[in-house]
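What you see below is based on every heavy atom in this structure, not just the backbone, and it leaves out hydrogens, waters and symmetry mates. Below, chains carry the letters A, B, ... as their sequence lines are ordered, and counting in each starts from 1.
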Protein chains: 2
Amino acid sequence: MTQSTLEPDRAAGAPPNRGSDSHAVAARFAALSHPARIEILKHLSASNSCCCREVVDRFDLAQSTVSQHLKILVEAGLVRFEPDRQRSRYAVDRSALADVSASLNALVNSCCYGR
Amino acid sequence: MTQSTLEPDRAAGAPPNRGSDSHAVAARFAALSHPARIEILKHLSASNSCCCREVVDRFDLAQSTVSQHLKILVEAGLVRFEPDRQRSRYAVDRSALADVSASLNALVNSCCYGR
DNA sequence: GCCGTTCATCGTCTATCGCCGATGAACGAT
DNA sequence: ATCGTTCATCGGCGATAGACGATGAACGGC
């Protein structure tokens, strides 16, 4: 819906400019667009990897809420999920995060290349 | 609402990590979390500054929709607005954009400092 | 003075977000 | 076998996002 003419090179079989597809980039930013998720990311990275519960009693959010936030981060590819028995492991995907950063840098550069 | 314990160092008189307040950062990412707004940003920067109309007939969105997107970008501080008669001028605030990029870099670094 | 253009704003609609409590599955420990 | 813990998912609720058309103000040109 509403993808309209935003991505003219979308329908074609072209695998064009990886890393600067507006939809993909926007989706990643969306995952970062909530303070709770940013804090969760920090927390995850501080303690190399966490289970859900660990996050839950750090921030006072309901377990279901935290689970959802984690899911969003996972689906955005920013966090890797490893279902280890009960203690499912959530860990920051540092390269993915660096990737987003690179995308943003690219955007900033494309906005400043002339000067 | 729901700011709860997300910012543990909020209530104290501490002026702690300016520039990495999760709320502020998240708000900027929110502005970037829509493909149309990313494309608009690119367009704005390509043609140094634009009026609303110019953006409107580049992307096929209603004028009101574009106006809203621009407003969101302005309110996020990513775009500067100069009401020049009819042809209101919208221009990317490059330093603000660089700032967001820096915030994200900081986040990435804080996620990778150990390795 | 009158018309066309530009644009911000309002009202409306639908879809999604963000939160929660409840539920049920999976597993560990006793 | 049973109980407690962990966690993903569902359903519901209020709020917000994103889209549009319509409206009215401001201005330029005729």
Please state whether the rings of A:H43 and A:F59 are parallel, tilted or perpendicular, taking 30° and 60° as the class boundaries. perpendicular
Comparing B:C52 with B:Q68, nearest DNA chain C nucleotide closer to 5' gives the residue B:C52
_Under 4.0 angstrom between A:H34 side-chain N/O and C:dC19 OP1 or OP2_ = yes
Restricting to nitrogen or oxygen on both sides, can you table the protein-nucleotides 21-23 of chain D pairs closer than 3.5 Å?
residue, atom, partner, partner atom, Å
D:dG21, N7, B:S64, OG, 3.4
D:dG21, O6, B:S64, OG, 3.1

- [ ] For A:S88, report the nucleic acid contact type (base, sugar-phosphate, nothing); a contact means any heavy atom under 4.0 Å.
- [x] sugar-phosphate
Whole-Å distance, A:I72 CD1 to C:dT16 C1', equals 10 Å
dist A:I38:CD1 -> A:H69:NE2 (nearest 0.5 Å) comes out at 11.5 Å
Atom pairs under 3.5 Å, N or O on each side, protein against nucleotides 26-30 of chain D: can you list them with distances?
residue, atom, partner, partner atom, Å
D:dA26, N3, B:Q86, NE2, 3.0
D:dC27, O4', B:Q86, NE2, 3.3
D:dC27, O2, B:Q86, NE2, 2.9

Q: Examine distances only and state if a side-chain atom of B:R37 and a backbone atom of B:A31 form a donor-acceptor pair shorter than 3.5 Å.
A: yes
side-chain contact (heavy atoms from CB on, under 4.5 Å) filter on B:A30, not counting sequence neighbours, yields A:S33
Separation of C:dT6 atom P from B:R58 atom CZ, nearest Å, is 18 Å
(message) Would the distance check show the side chain of B:S101 and the main-chain N or O of B:L97 forming a donor-acceptor pair, the cut-off being under 3.5 Å?
(response) no
> Does a nitrogen or oxygen in the side chain of A:Y90 sit under 4.0 Å from OP1 or OP2 of D:dT6?
Replying inline: no
* Has the side chain of B:S67 got a donor or acceptor atom that lies under 3.5 Å from a matching backbone atom of B:S64? -> no
Using only side-chain N and O atoms of B:K71, determine if any of them is under 4.0 Å from OP1 or OP2 of C:dA8. no
- Task: Give a yes/no answer on whether the side chain of A:H69 brings an N or O atom under 4.0 Å of OP1 or OP2 in C:dC19.
- Result: yes
Rounded to whole Å, the CD-C1' distance (B:E39 to D:dG18) equals 17 Å
